[in-house]
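Reviewing the structure listed below.
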Amino acid sequence: MLLGTQRINYRGHLEVGGCDTAELAQRFGTPLYVMDEQCLRAMCRAYRAAFDKRFRESLVILAAKAFITLAMCRIADQEGLGLDLSSAGELHTGLHTGFPPERIFLHGNNKSAAELEMALDAGVGRIVVDSEAEIELLQRMAAARGATADVLVRVTPGIDAHTHTYIQAGQIDSKFGLGIGTHQALPAVEHVLARPNLRLRGLHCHIGSQVFAIESFDLAARMMVDFVREVREATGYVVEELNLGGGLGVRYREADHPPSVDDYAETISRPLHEQCERHGLPEPKVMVEPGRSIVGEAGLTLYTVGVVKDIPGVRTYVAVDGGMSDNPRPALYQAQYQVVVANKAAWPLDGKVTIAGKHCETDTLISDIEVPELAVGDIIAVQTTGAYNYSMASNYNRLPRPAVVLVCDGQADVIVERETLDDLLRQDRLPQRLESR
Ligand SMILES: Cc1ncc(COP(=O)(O)O)c(C=O)c1O
């Protein structure tokens, strides 16, 4: 499986963005996150084209939680996307690049007053309110500064998105949003409409992540338009903006066949056009918030093999120099990945191994995967690590977080420096009473 600009070059090495990945490993060290700029931009453009052609007005918003760095925010800006940010840290990063605040959407099920303050100071485009408590808090804060905040109300449509339970978000039993089926969404809309310092601009929902069952998006769109109608009937308010969240799945393994961006846009557009027409509703501005499907396939992680341990009749473990600190997804939700051996990309497969990380846990990155014959020093490229890897990385076992390199047309630029051992000590403090040994 080769993704984005990946190809096998004349040396039989894996190449991405015109760069030999074995050389990248040598030049920048491992573990190393590599992001394929052309692939990132192609996904941004595919989304914009698919939505531009189907809707009177639309906006594609990058869910930055999947992968956020200054460079990524700049690329999203250049490609005309919005930014979905969900913490002060993400907001700080977006604003630091000069990202237009009017295209920023602030999310979160428990935004702090400080985060709301920051958003109001920056004049972000929309604050997506998630609870009654937040509606009250935001009203008080906006009133105190004599401002009006533009908000969307996040609702839970009550849909099982057929994905891993840890990344489902649209079902009734969710910490996010206000349930339509539990009769909490409509009162929340009424409360926003009644607050003088909040201006309701529309509705938001997000049903989950890594969704392959395209009918879930169809259902979400139908339920949301039904709710738009309910809101109009109950309040007279006509929803201007409908944000349907993210969730489209990506290809982690050869056998994965996620719907295309075009199929996804079509699946949303059909019920939206039909339902709006049937109910005599003006078509709202349609927004989507893809994260994984924009950045996922653009990323790969390079590791160096340190140990090959064969347990006769049981299995062969191949230990690499990273693991759950740079990619917690296998441990979190049994995520599965595909690999290419970067320096042996053209070699025949030789048998199954289990790729293990170096952490003091089971820390299995990939079980029972076919690889060529492996030796210490080989470079393993784990594919589709662009989403929820760097952004979820930790310093478990005090491993410095890897560098991130952006590759394009044969050029490789560090967009996040590798952490140093001293970086790991930077926030540590020794209280005076512990200073003497
Ligand atoms: C509100 C919201 N929007 C968008 C996304 C992006 O989802 P995905 O990365 O699956 O596209 C998420 C992810 O959890 C989310 O919580």
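For ligands, and for the atoms within them, numbers begin at 1 and follow the listed sequence. Sequence positions, counted from 1, serve as the residue numbers for this chain. The basis for the numbers below is simple: all heavy atoms, side chains too, and nothing from hydrogens, waters or symmetry mates. All values reported here derive from a predicted model rather than from experimental measurement.
Ring to ring, His204 and His107 are close: their centroids are under 6.0 angstrom apart.
Going from atom CD of Glu79 over to atom CD1 of Ile294 covers 9.5 Å, rounded to the nearest 0.5 Å.
The closest approach between a heavy atom of Ala387 and any atom of ligand 1 is not below 4.0 Å. Contact annotation: Pro290 has at least one heavy atom less than 4.0 Å from an atom of ligand 1.
Contact annotation for Asp84 and ligand 1: only side-chain heavy atoms (C-beta onward) come within less than 4.0 Å of the ligand. Counting heavy atoms closer than 4.0 Å to ligand 1, residue Arg292 contributes atoms from both its backbone and its side chain. Neither the backbone nor the side chain of Phe176 has any atom closer than 4.0 Å to an atom of ligand 1 (non-hydrogen atoms only).
Residues Ser367 and Lys352 form no side-chain contact, since every pair of their non-hydrogen atoms from C-beta on lies 4.5 Å or further apart. Looking at Leu244 and Glu289, their side chains never come closer than 4.5 Å, going by heavy atoms from C-beta outward.
One option in Ala63, Ser86, Ala64 has a heavy atom closer to atom 6 (C) of ligand 1 than any other, and that option is Ala63. Among Lys65, Glu289, Gln210, the residue whose heavy atom sits closest to atom 15 (C) of ligand 1 is Lys65.
Which parts of ligand 1 touch Gly246 is read off a 4.0 Å heavy-atom cut-off, strictly below it: atoms 4 (C), 11 (O). Per-residue contacts place Tyr388 under 4.0 angstrom from the following atoms of ligand 1 (heavy atoms of the residue considered): 6 (C), 7 (O), 8 (P), 9 (O), 13 (C).
Polar contact with ligand 1: present for Ser209 (N/O pair, distance under 3.5 Å). Close N/O approach between Gly245 and ligand 1 is not found [any backbone or side-chain N/O within under 3.5 Å]. Polar contact with ligand 1: absent for His107 (N/O pair, distance under 3.5 Å). Backbone and side-chain nitrogen or oxygen atoms of Gly291 are examined, and one is located within less than 3.5 angstrom of a nitrogen or oxygen of ligand 1.
Shown are Thr21, Thr5, Val16; of these, the side-chain contact (heavy atoms from CB on, under 4.5 Å) with Val407 is made only by Val16.
The environment of CZ in Arg56 is crowded: more than 12 heavy-atom neighbours from other residues, nucleotides or ligands sit within 6.0 Å.
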Quick one: do Asn397 and His359 satisfy side-chain hydrogen bond (donor to acceptor under 3.5 Å, both in side chains)? Show the steps, please. CA-CA 7 Å; Asn397 286 143; His359 292 280; 2.9 Å; yes
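At least one test fails for Arg54 against the ring of Phe51: distance under 6.0 Å to the centre or angle within 45° of the axis.
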